[in-house]
Protein chains: 2
Amino acid sequence: MALTRDHVVSTAVELLRRYGLADLSMRRLARELDVQPGAIYWHVASKQELLVEVAAALLAEVPGVREEVPQSEALAALAELATAVRAALAPVPDAADVVGMAYAAERASVTALRELRGLVGRAGVPADSCDAVTDLLVHHILGSVALEQNERLAQAGDAGGAGRDGAEVARSFAVGLEVIVRGLVAAKVSSS
Amino acid sequence: MALTRDHVVSTAVELLRRYGLADLSMRRLARELDVQPGAIYWHVASKQELLVEVAAALLAEVPGVREEVPQSEALAALAELATAVRAALAPVPDAADVVGMAYAAERASVTALRELRGLVGRAGVPADSCDAVTDLLVHHILGSVALEQNERLAQAGDAGGAGRDGAEVARSFAVGLEVIVRGLVAAKVSSS
DNA sequence: ACCTGAACACCGTTCAAGT
DNA sequence: ACCTGAACACCGTTCAAGT
C-alpha cells in the first residue's frame, strides 16, 4: 500500500513507544516503513513537524473532559484532567521532551492542553492569568513525566530496586498538584 | 597551553551562550579548542558528563542565599532565589534543556537547586514533601526559561514585534510562583 | 600523560531523475 | 503524484599509534 501521512505518524509513535526518542530517526523510520529516507519528506516537511504530530497523537488518547463543568467542580475536574494527562504520557519514553517541544512551538496545538486552559478559566482564574497558570500546570505535568522516566532508567541500572519507583513519583506529582490547587483557592478567596 | 578539563567546560559554556545547544557538538568544540575530537575524551568521559558540568557552571553564577534565614522569611527568600535562578538562565540559549537533563540525571548535582530545597524545608514544608515541592519549583523555573527562549525565536521570525516579549514571560513566571507560595501558606495554615 | 589520525556507525535534508 | 538513488554536510565515540 502507498505511504500516507497517517501511517508515517503512527509508525513514528510506535517507534517512540518501543525504543524512545534516540531511536526515532528519520532513517530508522524509513527502514521501518521499507522506504528510502527521502520518501518521508514528501509526507512531512521536517522531523520537527513530525514530532508535533506525534505529540498530538499521544495526547489524543487522554479521555476528554465532560462539557459544561460547573464552577464549583472546575478545580476538581482540572486536577483530574492533569492527572489523566500525566498517566497517559508516563509510560511513553521521552514523552515529556516530545510534548514539551510541541507545546513550546505552539501552545494551542494540543487538544488536551487546550481543555486544561479552559478549565483554568472556568475555575475563576482572572483572564490575564490563565496562560500563566496553564503553563505552570503543563510544566508540572511534563516535569513529573520526565522524572519518572529517569527513575525507571536508574532502577533498571540498579540491581534489584531500592530506588524510588513510579508510585513514588506519582505521589510527588499529587503533592505538587495540591499545592497549586490550594494556591488558586487562596487567590480566589483573597480577591473576592 | 595544554588542554584542561576546566578549559573544555568553559569553552563549552561560551559556545552554548553564543550559538545554542545545536552548535555545541564535540567536533565543533574540538575545532574551537584547536584539537582533534578524540582529545576531548581524555578530559571528559562523554558529552552527557560535559553537559552536567556546563549546567553546574551556569548555576554557579546565581548569587547564593544568605545563611540562616529565619522561618518567617523563608518563603520570601525562596521566591527571591527562584527568580534569581530564572534570571540567570533566561539569557542562555537552551539552558532549560541542559539544566533539566542535569537535574534529571542527579537532583543534588546543582548547588543553587540544593539551596532551593533547603529553603523549602525551612519554610515549614513537611520533610516527606520537600522533594515534591522542590521539583515543582524547578520545573516551573525551567519551563518558564524554555518558553521565553521560544518567544525570542518567534519574535525574531516575526517582522517587527507584536509578539509577547521577555517581560511578558517574566510576569507569567511571577504569577505562577505566587500561586505556589500561596499554596504552601494555605497548607501550613490548614495543618497547624 | 596527553594527543593525533583514522575509522565505525550513524544523523537530517535536498533534489535530480525515474515511474 | 509519489518514490529512489545519491549526495552534502554533519554527528558521538573509540582506539591504535605517536610524542
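What you are looking at is a predicted structure, and each value in this text was computed from that prediction instead of being measured. Every chain is numbered from 1 and lettered A, B, ... according to where its sequence line falls, protein lines coming before strand lines. Any value given below was found using the heavy atoms of this structure, including those in side chains, with hydrogens, waters and symmetry copies removed.
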Selected nucleotide, minimal atom distance to A/Val35 side chain, candidates D/dT13, D/dC2, D/dT4
D/dT4
Could you pick out which residue, A/Arg27 or B/Ser25, lies toward the 5' side of DNA chain D when each is mapped onto its nearest nucleotide?
A/Arg27
In whole angstrom, give me the gap between the P atoms of C/dA9 and D/dA9.
24 Å
A side-chain contact here means heavy atoms from C-beta on lying under 4.5 Å apart; do B/Ile141 and B/Leu116 qualify?
yes
Heavy-atom nearest nucleotide on DNA chain C taken for B/His43 and for A/Arg28; more 5' hit belongs to B/His43
Sugar-phosphate means primed atoms, P, OP1 and OP2; the rest is base. With that split, encode nucleotides 14-19 of chain C 5' to 3' as B, S or - using protein heavy atoms under 4.0 Å.
BB----
Any donor-acceptor pair under 3.5 Å from B/Glu178 side chain to B/Phe173 backbone
no
Without decimals, in angstroms, what is the distance between A/Asp23 CG and C/dC10 P?
10 Å
Can B/Arg5 and B/Glu49 be counted as an ion pair, charged N to O under 4.0 angstrom?
yes
Identify all stems in which DNA chain D takes part, counting only runs of at least 3 consecutive pairs (Watson-Crick or G-U wobble, each distance under 3.5 Å), and give each as one range with another, ordered by first number.
C:4-8 with D:12-16, C:12-16 with D:4-8
Establish, with yes or no, whether the OP1 or OP2 oxygen of C/dG5 is under 4.0 angstrom from a side-chain nitrogen or oxygen of B/Gln36.
yes
Whole Å only: how far is the NE2 atom of A/His7 from the C1' atom of D/dC2?
16 Å
If we ignore hydrogens and angles and just use 3.5 Å, is the side chain of B/Glu53 paired with the main-chain N or O of B/Val9 as donor and acceptor?
no
Among C/dC11, D/dC11, D/dT4, which is the nearest nucleotide to the side chain of A/Arg31?
C/dC11
Rounded interatomic separation in angstrom, taking CD from A/Glu49 and P from C/dT13
10 Å
Quick check: is A/Leu147 connected to B/Val145 through a chain of hydrophobic side chains (ILVMFWY, heavy atoms under 4.5 Å apart)?
no
Could you tell me the separation between the CG atom of B/Leu21 and the C1' atom of D/dC11, rounded to a whole number of Å?
13 Å
Whole-Å distance, A/Leu51 CG to C/dG12 P, equals 10 Å
Please work out whether the ring planes of A/Tyr103 and A/His139 are parallel, tilted or perpendicular, with thresholds of 30° and 60°.
perpendicular
Do the side chain of A/His43 and the main chain of A/Val8 share a donor and acceptor less than 3.5 angstrom apart?
no
Nearest-nucleotide 5' precedence on DNA chain C, A/Lys47 against B/Trp42
B/Trp42
Does B/Ala79 offer a backbone N or O that forms a donor-acceptor pair with the side chain of B/Thr83 under 3.5 Å?
yes
Same cluster or not: B/Trp42 versus B/Val44, using hydrophobic residues (I, L, V, M, F, W, Y) connected whenever any side-chain heavy atoms lie under 4.5 Å apart?
no
